[in-house]
K.L.:
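Once you've had a glance at the structure underneath, I'll fire off some questions.
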Amino acid sequence: MKGKILGSRYQVLEYIAEGGFGQTYLAADTQLPDRDLCVLKQLSPGFNTPKLLEIARRLFKTEAATLHSLGHHPQIPELLAYFEEAEKFYLVQQYIRGKTIDTELSSTQVWSASKVVEFLRDCLHVLQYIHEQGVIHRDIKPANLIRRHSDSKIVLVDFGTVKNILQEQTSLSQLTVAVGTQGYMPIEQARGKPSSTSDLYALGIIGIQALTGIEPLNLEEDRHGEIIWSHLADTNHRLKDILTKMTRCHYLDRYQSARTVLEAIDSCTDTVITFPPQAIAVTPVRELDHSPAPKNEPINEVRNEPISDPNALPGVRSVSLSTLATQQSRAKLTLRKLGKIAIAIMIILSSLYLVSASVLKPNNPYLKNIRKSLSR
């Protein structure tokens, strides 16, 4: 396959991966001056009956049209072309340079709450967009989320509408089987009745996996089918509540839209910090170090230690920005001002004394004239 040109344009460079739908290749567009890289997905149905091939062709075109309408979003790969060749179907998409999220997940190094919140917010904006377009992804999982190298944004890939026909089915009744990945697929999706909350469930599961380091299929459930996980993560209870609601067993108990999840995250993480003019955040007295500085070293240490605050919001730290040098400079400035005021008062009093002494001299001609006038 390497080196082969498909669609009279796209030259296969190397094999990337294989899945239920067929194979994925890295290709170059030979009709562009710079031979731009792209991803070429080859759909290879496991059947060749005319009726099933016609259904496959129709669903393939529907998938291509959906990708074309969604591809203008900056966090969704753009659809570049689609075509059929030798009874095989091909999708050509924009190449995203980056790493999939599954390479970041580890059982030994869990994510911080702030990283999880940033990840959720990034993905939810994409889900909000596709859901408003009437599209359900149905296969949200770490391997379908790429962290782009250029800006670290999460890009959602692999819109698998055509996966309905990719399980080597042999009858039309089997074309309605559920699509998704075990562990990330909620119960209603497994029954073939997915909704937009199914995508939110899968994203919540990824958040739990990132916080605990535990694979989804290894998480325990209670007798009601709810996941038992909060005791496994050392993080803020507000984030736990959000992830728990995203992954409720029944879809009606979850958030009903990506927008509502974003609002919940924003309400517990966003804050506005306002610094008054010519002022710096005050450091508690207990944190100040009044010990003398070592010789030949200026006192300019910045106090960046976080302040312990039981009411602090998740992902937000209160940071002290005042410095010992700043406080000492303020004290020196006050002493200088007092000294200058005292000197000014002394000068004024001295001037008044000299003037009065000069005016009140006995032989002062001005006083003599006044006495003469009074004697008359």
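Model, not experiment: these values are computed from the prediction.
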K.L.:
If only atom types and distance count, is the side chain of N144 paired as donor or acceptor with the main-chain N or O of D139 below 3.5 Å?
P.N.:
yes
K.L.:
Between K240 and A233, is there a donor-acceptor pair closer than 3.5 Å when you use the side chain of the first and the backbone of the second?
P.N.:
yes
K.L.:
Does any N or O in the side chain of Q31 come within less than 3.5 Å of the main-chain N or O of S8, such that one atom is a donor and the other an acceptor?
P.N.:
yes
K.L.:
Would you say I187 has more than 12 foreign heavy atoms packed within less than 6.0 Å of its CD1?
P.N.:
no
K.L.:
In this structure, are over 12 heavy atoms from other groups packed under 6.0 Å from H149 atom NE2?
P.N.:
yes
K.L.:
Has the side chain of Q94 got a donor or acceptor atom that lies under 3.5 Å from a matching backbone atom of P77?
P.N.:
no
K.L.:
Do I154 and I101 come within less than 4.5 Å of each other through their side chains, counting heavy atoms only?
P.N.:
yes
K.L.:
Determine whether more than 12 heavy atoms belonging to other residues, nucleotides or ligands lie under 6.0 Å from atom CG of D222.
P.N.:
yes
K.L.:
Taking side chain as C-beta onward, heavy atoms only, is I265 less than 4.5 Å from V117?
P.N.:
yes
K.L.:
Can you tell me how far apart CE (M246) and OH (Y201) are? Round to the nearest 0.5 Å.
P.N.:
11.5 Å
K.L.:
Any donor and acceptor pair, going by atom type alone, linking the side chain of H73 with main-chain N or O of Q75 inside 3.5 Å?
P.N.:
yes
K.L.:
Does the side chain of I227 come within less than 4.5 Å of I205's, by heavy atoms?
P.N.:
yes
K.L.:
Charged N to carboxylate O below 4.0 Å: is that the case for R147 and E104?
P.N.:
yes
K.L.:
Could you walk me through whether I5 and R9 satisfy the side-chain contact (heavy atoms from CB on, under 4.5 Å) test, starting with their C-alpha distance in whole Å, then the side-chain angles of each, then the deciding distance to 0.1 Å, before giving a yes or no?
P.N.:
CA-CA 6 Å; I5 295 180; R9 177 169 186 169; 5.5 Å; no
K.L.:
Any sub-3.5 Å donor-acceptor pair from R254's side-chain atoms to C249's backbone N or O?
P.N.:
yes
K.L.:
Is there a donor-acceptor contact under 3.5 Å linking the side chains of T197 and Q256?
P.N.:
no
K.L.:
side-chain contact (heavy atoms from CB on, under 4.5 Å) with L243: which of D241, L239, T247?
P.N.:
L239
K.L.:
Can you find a heavy atom in the side chain of T212 that is under 4.5 Å from one in the side chain of V110?
P.N.:
no
K.L.:
Evaluate side-chain contact (heavy atoms from CB on, under 4.5 Å) for H231 paired with I228, printing each intermediate quantity in order.
P.N.:
CA-CA 8 Å; H231 66 289; I228 305 173; 3.6 Å; yes
K.L.:
Under a 3.5 Å distance rule, please check whether D29 uses its side chain to pair with a backbone N or O of C38 as donor and acceptor.
P.N.:
no
K.L.:
Are any side-chain N or O atoms of K41 and backbone N or O atoms of T24, one a donor and one an acceptor, separated by less than 3.5 Å?
P.N.:
no
K.L.:
Is it the case that Q11 and R35 place a side-chain donor and acceptor less than 3.5 Å from each other?
P.N.:
yes
K.L.:
Evaluate the ring planes of F119 and W111, with Trp represented by its six-membered ring, and classify them as parallel (under 30°), tilted (30 to 60°) or perpendicular (over 60°).
P.N.:
perpendicular
K.L.:
Tell me whether D122 is salt-bridged to K153, with the criterion being a basic N under 4.0 Å from an acidic carboxylate O.
P.N.:
yes
K.L.:
Step through the shown structure and confirm whether more than 12 heavy atoms of other residues, nucleotides or ligands are within 6.0 Å of NZ on K115.
P.N.:
yes
K.L.:
Can you tell me how far the CD atom of Q209 sits from the CG atom of N218, to the nearest 0.5 Å?
P.N.:
9.5 Å
K.L.:
Does any non-hydrogen side-chain atom of I136 lie less than 4.5 Å from one of Q189?
P.N.:
no
K.L.:
Return the CG to CG distance between L80 and D36, rounded to the nearest 0.5 Å.
P.N.:
9.0 Å
K.L.:
Provide the closest heavy-atom pair for S267 versus R238 in the form atom of the first, atom of the second, distance.
P.N.:
OG-NH2, 4.1 Å
K.L.:
So do L262 and H125 actually touch side chain to side chain, heavy atoms under 4.5 Å?
P.N.:
yes
K.L.:
Mind checking whether V12 and V39 sit in one hydrophobic cluster, side chains of I, L, V, M, F, W, Y counted as touching below 4.5 Å?
P.N.:
no
K.L.:
Any chance you could measure Y90, atom OH, to L6, atom CG, to the nearest 0.5 Å?
P.N.:
5.0 Å
K.L.:
With no hydrogens and no angle check, is any side-chain donor or acceptor of T181 less than 3.5 Å from a backbone partner on Y184?
P.N.:
no
K.L.:
Are L203 and V261 joined in one hydrophobic group, where the rule is that I, L, V, M, F, W and Y side chains link up if heavy atoms are under 4.5 Å apart?
P.N.:
yes
K.L.:
Quickly, which of K193, E188, H137 forms a side chain to side chain donor-acceptor pair (under 3.5 Å) with S198? Name it, please.
P.N.:
E188
K.L.:
Can you measure from CD (E132) to CD (Q128) and round to the nearest 0.5 angstrom?
P.N.:
4.5 Å
K.L.:
Quick one: are L127 and L156 in side-chain contact, heavy atoms under 4.5 Å?
P.N.:
yes
K.L.:
Run the salt-bridge test on K141 and D102 with the 4.0 Å N-O cut-off and return the result as yes or no.
P.N.:
no
K.L.:
Would you mind reporting whether L91 and L40 have side-chain heavy atoms less than 4.5 Å apart?
P.N.:
no
K.L.:
Starting at OG1 of T244, measure out to CD1 of I208 and round the result to the nearest 0.5 Å.
P.N.:
6.0 Å
